Amino acid sequence: MPAQKSQQDQAADDLKREEKQRILGIMPEFNMMDNAQAPPLSARQKFHLFWKSSTDPFVFLITGMDAGISQAEDDFPEYGQGAEGYFKRFGASYADSFDGNLWGNAILPVLLHEDPRYFRMGSGPVGRRILHAALSTVWCRRDNGTWGPNYANVGGNIIGGAIANTYYPESDRGLGLTFGRALTVTAEGAIGAQLIEFWPDISRKYFHKRSHADSTVASQDRASPPGKSNP
């Protein structure tokens, strides 16, 4: 009879599977977990997940598009136009993503013992799943398996917004803008979580494909909504 895997070994296997998860084969969803009983990540594994999701080619593609739109609309005019202006906007956009990810998905989760992953509900009433996804930016699973306020994500967004004051033009700095950026990123996370929650269903219906996560945890319990156990 094979020896039972340790929690750390099982978490390492989970990470390997998560790193293969993509929407439409392009957009990474490395932070999505289908198994409600998944063991917690170690500090090193949390940093690994942060680094993997921050350096994926898709991130640079989206950052480049964001910088291009920003330049076309002449946002942050102090950056100017031309190649110099574009790369300043590119750097600021990538720094926003990197800083928020570093603090919200690595440093603070390690310090606060919170799990940075999104635990997909996967089944049940649509309204309940929508609420589960929306609350994920402010409510999370902890390393001990309980659920509570997502201090790491909210705090990471605020810290990221504060750091942005060091590289945005002077006219785009200040306390109000710091919290405004943090609120915007938190809201965007709630919207993005809807796609992560429902993409496997969309994929099965319209592309007749079963997600990698569905195939590996078909016999396991689905994630329960925040603060509640599986029925």
Side-chain angles (χ1 to χ4, degrees), residues 5-19 21 28-54 100-159 185-201 211-214 216-231:
K5 289 183 179 180
S6 67
Q7 279 200 333
Q8 189 169 353
D9 287 341
Q10 182 59 54
D13 288 345
D14 289 341
L15 269 181
K16 290 179 182 178
R17 287 195 295 271
E18 290 167 38
E19 290 172 5
Q21 298 172 165
E29 52 173 358
F30 304 150
N31 284 53
M32 192 274 282
M33 168 51 71
D34 255 309
N35 180 13
Q37 308 305 322
L41 300 175
S42 67
R44 182 175 181 177
Q45 288 167 336
K46 289 176 183 179
F47 273 92
H48 172 81
L49 185 58
F50 141 73
W51 183 254
K52 183 75 175 177
S53 60
S54 294
N101 198 10
L102 172 63
W103 286 94
N105 289 324
I107 295 177
L108 292 181
V110 169
L111 295 176
L112 301 175
H113 305 288
E114 297 178 5
D115 199 310
R117 294 172 293 182
Y118 173 78
F119 285 83
R120 182 170 173 262
M121 188 174 174
S123 62
V126 173
R128 189 178 176 191
R129 292 175 66 187
I130 290 174
L131 181 62
H132 170 78
L135 289 177
S136 65
T137 59
V138 295
W139 198 257
C140 71
R141 201 185 82 159
R142 304 192 179 284
D143 289 344
N144 62 7
T146 63
W147 290 79
N150 197 341
Y151 296 116
N153 184 59
V154 176
N157 292 339
I158 294 174
I159 293 173
V185 173
T186 302
E188 289 173 347
I191 296 171
Q194 305 297 329
L195 179 60
I196 296 175
E197 174 67 34
F198 290 101
W199 174 250
D201 305 280
S211 73
H212 187 274
D214 283 343
T216 56
V217 298
S219 63
Q220 297 173 325
D221 292 334
R222 292 294 189 182
S224 58
K228 296 186 179 181
S229 58
N230 287 330

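One-based numbering along the sequence shown. Predicted model, so just to flag it, every value in this text is computed and none were measured.
Of all non-hydrogen atoms in Pro149 and Arg142, the two that sit nearest each other are O-NH2, 3.0 Å. The minimum heavy-atom distance linking Pro39 with Ala11 is given by the pair CG-N, 3.8 Å. When all heavy atoms of Ala133 and Ser136 are compared, the pair lying nearest together is O-OG, 2.6 Å. Between Gly155 and Leu108, the shortest heavy-atom contact is C-CD1, 3.8 Å.
Contact check on Asp143 versus Lys46 returns a salt bridge, with a Lys/Arg side-chain nitrogen under 4.0 Å from an Asp/Glu carboxylate oxygen. Comment: Asp201 engages Arg120 in a salt bridge, judged by a side-chain N to carboxylate O separation of less than 4.0 angstrom.
When the side chain to side chain donor-acceptor pair (under 3.5 Å) test is applied to Glu19, the partners found at least two apart in sequence or on another chain are His48.
With hydrogens and angles ignored, the 3.5 Å screen pairs a side-chain donor or acceptor of Gln21 with a backbone N or O of Met32. Side chain of Arg117 to backbone of Pro40: no donor-acceptor contact under 3.5 angstrom is found. When atom types are taken as modelled, the side chain of Asn31 and the backbone of Pro116 share a donor-acceptor pair closer than 3.5 angstrom. Using a distance-only test at 3.5 Å, with no hydrogens or angles considered, a donor-acceptor pair links the side chain of Arg141 to the main chain of Ala36. In this structure, the side chain of Glu197 does not engage the main chain of Gln194 through any donor-acceptor pair within 3.5 Å.
Note: Asn150 CG to Leu112 CG = 9.5 Å, rounded to the nearest 0.5 Å. To the nearest 0.5 Å, atom CE of residue Met121 and atom CZ of residue Arg129 are 7.5 Å apart. Atom OG of Ser54 and atom CZ of Phe30 lie 10.5 Å apart (nearest 0.5 Å). In this structure, CE in Met33 is found 4.0 Å from CG in Asp14, a value given to the nearest 0.5 Å. Distance CG/Asn153 to CH2/Trp139: 14.0 Å, rounded to 0.5 Å. In this structure, Asn35 CG and Arg17 CZ are separated by 8.0 Å, a value rounded to the nearest 0.5 Å.
Between Asn105 and Leu49 there is no side-chain heavy-atom pair separated by less than 4.5 Å.
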So Val138 and Val154, side-chain contact (heavy atoms from CB on, under 4.5 Å) or not? Walk me through it. CA-CA 7 Å; Val138 295; Val154 176; 4.1 Å; yes

Check the pair Ile107, Phe47 against side-chain contact (heavy atoms from CB on, under 4.5 Å), reporting the backbone distance first and the verdict last. CA-CA 8 Å; Ile107 295 177; Phe47 273 92; 3.8 Å; yes

Set out, in order, the CA-CA distance, both residues' side-chain angles and the distance that settles side-chain contact (heavy atoms from CB on, under 4.5 Å) for Gln8 and Gln45, then state yes or no. CA-CA 9 Å; Gln8 189 169 353; Gln45 288 167 336; 4.0 Å; yes

Just do the side-chain contact (heavy atoms from CB on, under 4.5 Å) check on Asn157 and Trp103 with the steps written out, would you? CA-CA 8 Å; Asn157 292 339; Trp103 286 94; over 6 Å; no

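Counting heavy atoms of neighbouring residues, nucleotides and ligands inside a 6.0 Å radius, atom OH of Tyr151 does not exceed 12 of them.
The distance between the ring centers of His132 and Tyr118 falls below 6.0 angstrom.
For the residue pair Ser53 / Asn101, a side-chain donor-acceptor distance below 3.5 Å is found, with atom types taken as modelled.
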